[in-house]
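Comments concern the structure below.
Residue numbers start from 1 in every chain, and the chains themselves are labelled A, B, ... in the order their sequence lines are given, proteins ahead of strands. Not measured: the values here are computed from a predicted model.
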Number of protein chains: 2
Amino acid sequence: MNENRPIRATSGTNHEGTSAHNRRVIIDALRLNGALSRADLARATRLTKQTVSNIMEELENDGLVTSRETVRRGRGQPSTPYGLVPEGAFAIGLQIDRHITRAIAVDLVGNVLIRKEANLPAGGPATGTPVVLQLIEDVRAELRQRVAQAEKRLVGLGAAMPGPFGIEQEDADNPWMMGAWQRFPLLETLSAGTGLNVTLQNDAAACATAERMVGAAHGLDHAVCLYVGYGIGAGLILGGELYSGAHGNAGEIGMALLMAGGRQTQLEHRASLASLYDHLSVDPMAPDIYSLIDARAAADDPDVLAWIERAAVDLRWSVQLIETIFDPQTVILCGGAPPALATRLIAAMQPLLPSNADRPDRLLPRLQLGMTDPWAVARGAAAEPIGHAFDPRFQAILKS
Amino acid sequence: MNENRPIRATSGTNHEGTSAHNRRVIIDALRLNGALSRADLARATRLTKQTVSNIMEELENDGLVTSRETVRRGRGQPSTPYGLVPEGAFAIGLQIDRHITRAIAVDLVGNVLIRKEANLPAGGPATGTPVVLQLIEDVRAELRQRVAQAEKRLVGLGAAMPGPFGIEQEDADNPWMMGAWQRFPLLETLSAGTGLNVTLQNDAAACATAERMVGAAHGLDHAVCLYVGYGIGAGLILGGELYSGAHGNAGEIGMALLMAGGRQTQLEHRASLASLYDHLSVDPMAPDIYSLIDARAAADDPDVLAWIERAAVDLRWSVQLIETIFDPQTVILCGGAPPALATRLIAAMQPLLPSNADRPDRLLPRLQLGMTDPWAVARGAAAEPIGHAFDPRFQAILKS
DNA sequence: TCTTTTAAGTCAATTGTCTTGACTAATTTG
DNA sequence: CAAATTAGTCAAGACAATTGACTTAAAAGA
């Protein structure tokens, strides 16, 4: 018997784990369904009325739920619905992109309270970190000022930036040095600089989180968000949870190889906004680039349409690949693309390629339009700490 | 308030859920680490010694574990390790392939006790179902005869066959009519015909389950098995569990589209055993085809080598795609390919394409050889009911 | 050799959480 | 106005993990 080999095992659980899970289940049910009565919650969660009553009392004391007006529903005593209190929890979301950083504050139900952005100076983390920390502090200060209890109800900071993480790669990506950011210990730096719980994910994953919290993937357990931003990636909601892979790099579909024009290239080089900027010879650092592209797309600018036609070919392939590999309920196109562009892109992708997703029992469209909002990534980043604190998860049941 | 809308919620849990989880955690730890003492288990699972002792007594009474010889490890009272009892549970695994069906019986620790196979007559489920049911009954009868307690300890029947399921597709696949099998209510038929709990998965998923139970993915939480059989697919172990997608069709990578020789085709047409048989003009129904291919590969037959070279190109692409999309700890090549062929295929795939998997902190090879055994699919199928009955899972904690 | 230290494992009482069954309250139906 | 139905509470009970003291058995040190 080898004696010093570490023993691998899943953690056990105890009463506290049970209770924590049931609290989360109730909060989740309220988020998913809106206000519910204690009796409704008992039926939905399969807990007894009494258990639900006890937990609701606790949640009310903790300021996470409040009662609404009683409603009469046919025979029997009227029920008192309880809903989440938006001010029950807050989180800060941070997006670091090539040339800009955005920070927002959200509450428990996903309302965006504050949004601020700043230009990121060239030079990577060395010059960028102070800007980022200052931006976070600005948001936090305003939140503190607007809501007295906010600081003690701040559950964490969610950060998002383009992946992949932890790879030894060439740095062809100047002048924003995303490679330098990707190798930088951002999580530790933010954690030390703010004293908050920090999580880090790639921008596509953050977008998927946002779609799941408040967008097209709301209530779905299997959905893939095809994120078309400066780069291109996929945010994976698998089995009701965001999947990040072994090292947080799952879904980096932009690096998938495809044959186009007779040679092998990466999807990212064909169908990202970066490729559009390149095609249009516009400067990605232009401050009004979002509205500029939106306007040109809305005006059916021929150069934009040409890019759309070309990108649609490869995106159609991506959707077929995603459907084939993940078997999701739906695919959602989202990201930093302006609405006029995104709409045209989806139209140009029709008809989709045949795939396993052509099912007789389909309920949802194969491809849907998600958020086309430069703030979607930051919203998803902010949603992560809230979900982590309140959503039912296997990990949360286990002993610490 | 709309009154008849169904309320969506996760199920709550209670003491039984806690207890069930802790039992599973202990069984899982014993499977993963071999025999362990009560004190070891307490440390590994973070439960108290007392709790572990209580559960162990129960498990011993249930005939799932037994004590081994005490071992002295330095100071202190010697510990008594407990190990799983192989006869603690049994399961039957069934594979339905194009022209053959295989059934096996396995025990709790994955030993294969019985294996039987039968040719599947042409004509699909109509003629095939009786053959399959008879084969299962033969295995079951022999198991009953060999182990007196087997019948009451039979936890279920795991079935595996080529996917995808539930798709309206053309039936170009004659004469085995896999399309007909795929649309056939196999699960219900087997359940009614045997009275057992039945699960159904595709062959790649079953292979992945086998690799996780007793193969190269043992103890890994993120692994993808690239299954090269008559078709080609990927078995996905994501976050410690097999992922099947919304409709059981996740991982059907064979239907991914790629450009090859200037035209778009499916991966399956390039790199499956079917394409090899086609290339060699051999009859896939030949009974000795496995050893035939093995021998020709071992002899470096030029036709086989030519196919290997061509298939390696597309498989290399697949591995890069899998690494890019799933970010696994490792990729495992497995399936019904004979060892001589699989070894040469892996060699021909070197060097792998650059990907996110090139990490400075890599522990495992990017690509490993898994089981090359025609019975691997049946073993994985059989492992499913055992894992379902004994492995720690989120679902198992929830109230029924 | 004898005492001390360390670790495995048990015993009995306690604690935390959900469940049960009886109850009250409020409304609609006939 | 009585019966039926549903929401919700109360108090006792059941279940399973925890706690702290205890027993047992070995190694280490004096």
What is the distance, rounded to the nearest whole Å, between atom [atom1] of [X] and atom [atom2] of [N]?
| X | N | atom1 | atom2 | result |
| --- | --- | --- | --- | --- |
| A:L398 | D:dA17 | CG | C1' | 15 Å |
| B:I55 | D:dC15 | CD1 | P | 16 Å |
| B:E69 | C:dA8 | CD | P | 18 Å |
| B:N54 | C:dG9 | CG | C1' | 12 Å |
| B:E58 | D:dC15 | CD | C1' | 12 Å |
| B:L41 | C:dA8 | CG | C1' | 13 Å |
| B:E57 | D:dA16 | CD | P | 14 Å |
| A:L59 | C:dT17 | CG | P | 13 Å |

Return the nearest nucleotide to the side chain of [X]; candidates are [options].
| X | options | answer |
| --- | --- | --- |
| A:P78 | C:dG9, C:dA26, D:dA11 | C:dA26 |
| A:R72 | C:dC18, C:dT27, D:dT18 | C:dT27 |
| A:Q50 | C:dT17, C:dT19, D:dA17 | C:dT19 |
| B:A39 | C:dA25, D:dA11, C:dA8 | C:dA8 |

Donor-acceptor pair, side chain of B:R38 and main chain of B:Y82, under 3.5 angstrom: no
Heavy-atom donor-acceptor pair, A:R212 side chain to A:L242 backbone, under 3.5 Å: no
5' precedence on DNA chain C between A:K49 and A:R46 (nearest-nucleotide basis):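 Nearer the 5' end of the strand: A:R46.
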Pairwise 5' ranking along DNA chain C for A:H15 and B:N14, keeping only the more 5' one: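 The answer here is A:H15.
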Which part of the nucleic acid, if any, lies within reach of [X] when heavy atoms closer than 4.0 Å are counted: base, sugar-phosphate only, or nothing?
| X | result |
| --- | --- |
| B:T51 | base |
| B:R43 | sugar-phosphate |
| B:N22 | sugar-phosphate |

Of A:E16 and A:Q77, the one whose closest DNA chain D nucleotide lies more 5':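 The residue mapped nearer the 5' terminus is A:Q77.
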Pairwise 5' ranking along DNA chain D for A:R75 and A:T13, keeping only the more 5' one: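 Taking each residue's closest nucleotide, the earlier one in sequence belongs to A:R75.
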Parallel, tilted or perpendicular, as decided by the 30° and 60° cut-offs, for the rings of B:H222 and A:Y243: tilted
Geometric class of the A:H15/B:H15 ring pair [parallel <30°, tilted 30-60°, perpendicular >60°]: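 If you compare the ring of B:H15 with that of A:H15, the planes turn out perpendicular.
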Does [X] put a side-chain nitrogen or oxygen below 4.0 Å from OP1 or OP2 of [N]?
| X | N | answer |
| --- | --- | --- |
| A:T48 | C:dC18 | no |
| A:T18 | C:dC18 | no |
| A:S79 | D:dA7 | no |
| B:S53 | C:dG9 | no |
| A:R73 | C:dT28 | no |

Side-chain donor-acceptor contact under 3.5 Å, B:Q50 with B:N54: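 Yes, because at least one side-chain N or O of B:Q50 sits under 3.5 Å from a partner of the opposite role on B:N54.
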A:K399/A:E16 under salt bridge (charged side-chain N to carboxylate O under 4.0 Å, His left out): CA gap, chis, key distance, verdict: CA-CA 8 Å; A:K399 298 178 78 170; A:E16 281 74 27; over 6 Å; no
